[in-house]
Structure formats: structure tokens, C-alpha cells
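Okay, so here's the structure we're looking at.
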Amino acid sequence: MLRNKWIQLGGLLMIATVILLACVPIASDETQEPPAAAAESDSSEAVMADTEGGDADSSDNGAQMTASGSADVPQLSGDLITDGVPPPFRTSGFSTDFSRRTVEWDSILSGGPPKDGIPAVDSPVFESLVAGDEWLEDVDPVILFSHGDVSRAYPLSILIWHEIVNDEVDGQPVSITFCPLCNASIVFDRNFNGQVLDFGTTGRLRNSDLIMYDRQTETWWQQFTGEGIVGKYAGEQLRFLTSQVLSWKDFKDAHPEGEVLSRPNMPRNYGYNPYVGYDSTSRPFLFQGTPDARLAPAERVLGLTTETEAIAYPFQALEEAGVVHDSFGGVELAIFHKAGLASALDSSVISKGRDIGAVAVYERQVGDQLLTFSPNDDGTFSDAETGSTWDILGEAVEGPLTGKKLTPILHFDHFWFAWAAFFPVTELYSPS
């Protein structure tokens with residue numbers, strides 16, 4: 001009770017802290033009424049991953065998983081609107097074509113910071129695992145992205161302050177993104193329409209989610225869905241790339257030759273969470289809708305989509321089961337949950353956050369076998385058919401199938417309120 005009261009009273013202080021410490025310059029492009037409590041304390045087959053350089057059974061540790069195509073994600077914005085109605089907010093600093101949009105103007109709100117007020121990391125520098133151990137704890141959450149022979153960890157303790165990292169991984173231009181308000185970590189291919197885009201923050205939100213812009217055309221893009229919503233590419237879709245949120249320890253164990261994003265030379269409290277208690281909020285910041293009452297607003301869910309369907313699996317159900325077998329979009333799935341991952345949005349010190357666990361989704365079929373998995377006490381998983389042992393990254397580490405890899409399924413780890421807002425007809429998984 002006392003903690004909830006503190007979070008409620010501290011909501012305004014939290015937002016002020018974010019603006020003061022995360023924004024350069026410290027200003028807003030329009031007057032914003034303070035929130036009452038910003039935090040009480042945004043085909044018919046499932047989207048599978050392609051394997052570069054071999055099939056999913058390949059023992060090639062350099063095999064890269066990338067999303068097979070964004071056409072399998074439901075299009076959420078409406079038809080192109082060219083009614084000539086200008087935006088009802090100031091647009092100084094933008095060269096966006098505001099005559100083209102797919103959303104209503106009143107769905108776009110100012111989050112407080114101006115354009116690039118939350119600065120993207122445009123020239124990322126990486127360091128060794130040994131150097132990362134000097135400031136990261138084993139339970140710290142990181143986004144894993146691999147391509148070719150390179151595997152990199154992007155700590156949420158950095159992304160919580162910058163939200164976007166524009167990078168190139170072994171020749172693949174990518175944007176690593178994280179919206180703290182929706183707990184949305186998503187990786188995009190920066191190759192688009194014959195050019196390489198790089199992204200910044202608009203300072204705007206829709207359904208409490210980050211709206212990005214590309215610096216080449218200044219089109220506005222919805223981070224949650226990868227859709228262009230205002231500007232030249234309104235109605236177009238960015239391509240998702242497969243990534244994984246996991247613990248720093250699991251990254252190190254799986255990729256001993258990997259590297260980690262180093263802390264930018266900026267005055268930020270890296271390792272600290274400016275949104276203390278936000279992952280238990282019942283009033284998401286600047287969310288205009290009514291949260292879907294089937295779950296608490298900040299309940300974490302694992303989301304899957306096809307062209308026409310969406311489903312959400314509550315982390316709580318995944319944690320209780322350890323492994324969930326399900327069929328979605330015509331694909332037989334195994335969903336893993338492993339304890340030992342701190343929430344980035346709970347405690348003031350990220351590594352002290354409550355254990356939410358890591359999740360992963362794979363196709364159960366390996367060769368001509370449909371495998372049935374069960375969790376082990378040490379955080380690994382065993383299949384009943386061969387007795388092989390698998391890690392959270394879907395690789396067999398012991399037994400007859402050692403070296404084999406499960407085919408990963410593109411998935412999303414988000415807060416329930418945001419998932420349900422962008423996918424209002426989503427199915428909600430229940431073990432019963």
C-alpha cells in the first residue's frame with residue numbers, strides 16, 4: 001500500500017526526471033497537461049524465421065535468423081488520408097509530408113520531449129564481455145541480435161534512455177528499438193525501398209507507443225507495428241528482424257565471442273530506471289483508450305501474429321508451465337520460459353528488478369520429428385522423443401540432437417494494454 005502511494009505521488013517526478021535527463025534540449029514543442037499519475041509508481045502461417053546458410057537443423061553456429069517478411073503482420077492503420085487537414089499541433093523542425101497519413105490526428109499526442117529530445121545512438125561503440133561485466137549484472141536484460149558471424153547485446157539500461165540504436169551488424173543495417181512505456185523491444189531492417197534509413201524520435205506517442213521518424217524522408221513510423229503513419233511512406237511497412245530479450249548471463253553463455261553496446265559518453269544514469277514501478281501501473285502514461293480488462297494493463301505478454309490473427313500469451317501462464325505447446329497460424333509451437341531476467345521497469349536499479357523471466361518461441365518440428373518439451377530445474381528444456389537438452393535460444397546442448405537448432409518464430413514481448421490497443425481482436429491464451 002505504501003509503495004503504491006509512493007509510486008502515485010512520484011509519477012510527476014518520474015516524468016520530470018525522464019525529460020530532464022533523457023532529453024536534449026530540455027523543452028517541449030507544446031504545452032502538455034501533467035498526467036494525474038503517469039505511473040503508479042505504447043498468409044495464414046505464423047511468422048517464422050529464415051535461416052541464412054542452412055536449414056534450422058544446421059549445426060552452423062553462425063546461422064542467422066531473420067524474419068521471413070512483414071506481410072504476415074496485420075495492417076492496423078486505416079486507408080490513406082489526404083483530406084488536406086493539417087495537424088493540430090506545431091510541426092516546426094519537421095520536413096514531413098503532413099498531407100499524407102493513415103491515422104487520425106487526435107490519436108497522436110506529445111510525450112513532452114521535442115524532435116530528437118530523446119537522442120538515438122547513431123554511432124554505437126561496442127566492447128568485450130569482460131568490459132561489460134564491469135557494469136552489467138547477470139540478470140540485466142539485453143536485446144540479442146545476431147547476423148552472420150556477429151552477435152551483439154544491447155542492454156535495456158542504455159535503450160531505456162535512448163530508445164533507438166542505429167547500427168550495422170556484419171553488413172546488415174538495423175535499428176534496435178525499445179519503448180519503455182509499452183515495454184516494446186523490436187528490431188527493424190533499415191533497408192527500405194532501395195535506401196538505408198536511420199531513425200530518430202519524434203517526441204510523439206500513439207497508444208502510449210513511440211513514434212519514430214526516418215531522417216531520409218521524415219516519414220513518421222509507429223514503433224509497435226513498424227507502419228508508416230504520416231508522410232511519404234504512410235501505409236508502408238518496415239521489416240521486422242528476429243531478436244531476443246534475455247539475461248546478460250544467457251547472452252554470455254551462448255555467445256562467448258559476442259560484444260556488448262558500450263555506454264555512450266552522455267550524462268545519463270545508465271543502469272538506473274527512470275520509470276520506477278511502471279511495470280505495475282494501472283494507468284499507462286498518455287494512454288487515451290480503455291485498457292482491455294482481460295488482464296492488468298502492465299501484464300507482460302508474448303504476442304504472435306499472422307496476416308489476419310493475433311494471440312497473446314501471459315508471462316504468468318508461461319512461467320507456471322515452463323513450456324507451452326500450442327498451434328497458431330498452422331504451425332506447431334513450443335514456447336519456453338526461463339527464470340533469471342530482471343524487469344527493466346520495476347526497481348530504481350535495473351539489476352534489482354523483479355524476476356520476469358525470458359521467453360522464446362520455436363517450431364516444434366525438427367526433421368521428421370514433432371518434439372515435446374518439458375522444463376528442467378536448471379533453466380534448460382528436454383524433449384521426450386530423443387532426451388536431448390535444449391537452451392533458451394533453441395539449441396540442443398546435450399543428447400542425440402546436440403548442435404541442432406529449433407526454428408525461431410518472430411514474437412513480441414509487450415505490455416498487455418498496448419498489445420490489445422494495437423490488436424483489439426487479439427485472442428488471449430488460457431491454459432484451460
Side-chain angles (χ1 to χ4, degrees), residues 15-16 18-20 22-35 38 42 75-122 161-164 166 175 177-182 184 186 188 190 192-193 195-238 284-289 418 421-422:
I15 297 301
V18 174
I19 293 175
L20 287 172
C23 305
V24 181
I26 303 168
S28 174
D29 60 357
E30 65 182 56
T31 301
Q32 179 71 47
E33 292 185 4
D42 184 311
Q75 297 298 295
L76 303 175
S77 57
D79 295 333
L80 185 65
I81 301 171
T82 56
D83 56 12
V85 176
F89 45 78
R90 290 198 295 271
T91 59
S92 58
F94 282 101
S95 59
T96 306
D97 180 358
F98 289 103
S99 70
R100 298 169 53 85
R101 58 189 167 93
T102 60
V103 299
E104 297 299 333
W105 289 127
D106 61 5
S107 69
I108 297 176
L109 302 179
S110 171
K115 177 185 181 183
D116 291 322
I118 297 176
V121 178
D122 292 317
W161 296 99
H162 294 278
E163 301 191 356
I164 299 172
N166 293 303
S175 279
T177 70
F178 177 62
C179 176
L181 299 177
C182 293
I186 303 173
F188 296 105
R190 293 200 289 128
F192 182 82
N193 198 30
Q195 61 189 315
V196 177
L197 305 179
D198 57 280
F199 296 92
T201 60
T202 63
R204 300 279 164 172
L205 302 172
R206 178 168 165 264
N207 287 338
S208 201
D209 179 60
L210 160 69
I211 298 176
M212 316 182 296
Y213 79 97
D214 72 73
R215 298 196 181 110
Q216 285 64 40
T217 71
E218 302 223 337
T219 296
W220 290 17
W221 302 86
Q222 191 74 59
Q223 184 252 5
F224 206 94
T225 63
E227 291 177 285
I229 59 172
V230 180
K232 178 178 180 178
Y233 293 130
E236 299 293 331
Q237 176 78 49
L238 296 174
F285 181 54
L286 291 180
F287 180 67
Q288 293 182 308
F422 283 105

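Note that the structure is predicted; figures quoted are calculated from it, not measured.
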- Message: Contact between F287 and L181 at the side-chain level, heavy atoms closer than 4.5 Å - yes or no?
- Response: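 A side-chain contact is absent here, since even the closest heavy-atom pair is not under 4.5 Å.
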
- Message: If you define the side chain from C-beta out and look only at heavy atoms, does anything of D214 sit under 4.5 Å from W221?
- Response: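 Yes, close enough: below the 4.5 Å cut-off.
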
Considering residues at least two apart in sequence or located in another chain, which fulfil the side-chain hydrogen bond (donor to acceptor under 3.5 Å, both in side chains) criterion with [X]?
X    : result
T96  : W220
T177 : Q223
Y233 : N193, Q195

Working to the nearest 0.5 angstrom, can you tell me the gap between [X] [atom1] and [Y] [atom2]?
X    : Y    : atom1 : atom2 : value
D116 : D122 : CG    : CG    : 8.0 Å
S175 : M212 : OG    : CE    : 6.5 Å
L205 : S110 : CG    : OG    : 7.5 Å
T219 : I211 : OG1   : CD1   : 12.5 Å

- Under the salt bridge (Lys or Arg N to Asp or Glu O under 4.0 Å) test, residues paired with D83 that sit two or more places apart: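 If we apply the salt bridge (Lys or Arg N to Asp or Glu O under 4.0 Å) test to D83, skipping adjacent residues, the hits are R101.
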
Any sub-3.5 Å donor-acceptor pair from [X]'s side-chain atoms to [Y]'s backbone N or O?
X    : Y    : result
K115 : G93  : yes
H162 : P119 : yes
E218 : S95  : yes
T201 : I118 : yes
W105 : V85  : yes

- Message: So which atom in F285 and which in G111 form the shortest heavy-atom distance, rounded to 0.1 Å?
- Response: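 Scanning both residues, the minimum pair turns out to be CE2-O, 4.0 Å.
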
- Task: Write down the atom of A120, the atom of G200, and the distance for their closest heavy-atom approach.
- Result: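 So the two residues come closest at CB-CA, 4.5 Å.
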
With [X], which residues qualify under side chain to side chain contact (heavy atoms under 4.5 Å, CB included), at least two apart?
X    : value
T91  : P87, F89, F98
D198 : N166, R190, R215, Q216
S99  : D97

- Query: If you measure from the Lys or Arg side-chain nitrogens to the Asp or Glu carboxylate oxygens, is any gap between R206 and E227 under 4.0 Å?
  - Reply: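 Salt bridge between R206 and E227, a charged N being under 4.0 Å from a carboxylate O: no.
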
- Just jot down the ring-ring contact (aromatic ring centres under 6.0 Å, His included) partners of F188, sequence neighbours excluded, or say none.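 ring-ring contact (aromatic ring centres under 6.0 Å, His included) list for F188, sorted by chain: F240.
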
- Yes or no on side chain to side chain contact (heavy atoms under 4.5 Å, CB included) for R204 and I108, after CA distance, side-chain angles and deciding distance? CA-CA 7 Å; R204 300 279 164 172; I108 297 176; 3.9 Å; yes

- Pair F199 and Y213, ring centroids less than 6.0 Å apart: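 So the answer is no for these two rings.
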
- Run the numbers on V121 and I164 for side chain to side chain contact (heavy atoms under 4.5 Å, CB included), then give the verdict. CA-CA 6 Å; V121 178; I164 299 172; over 6 Å; no

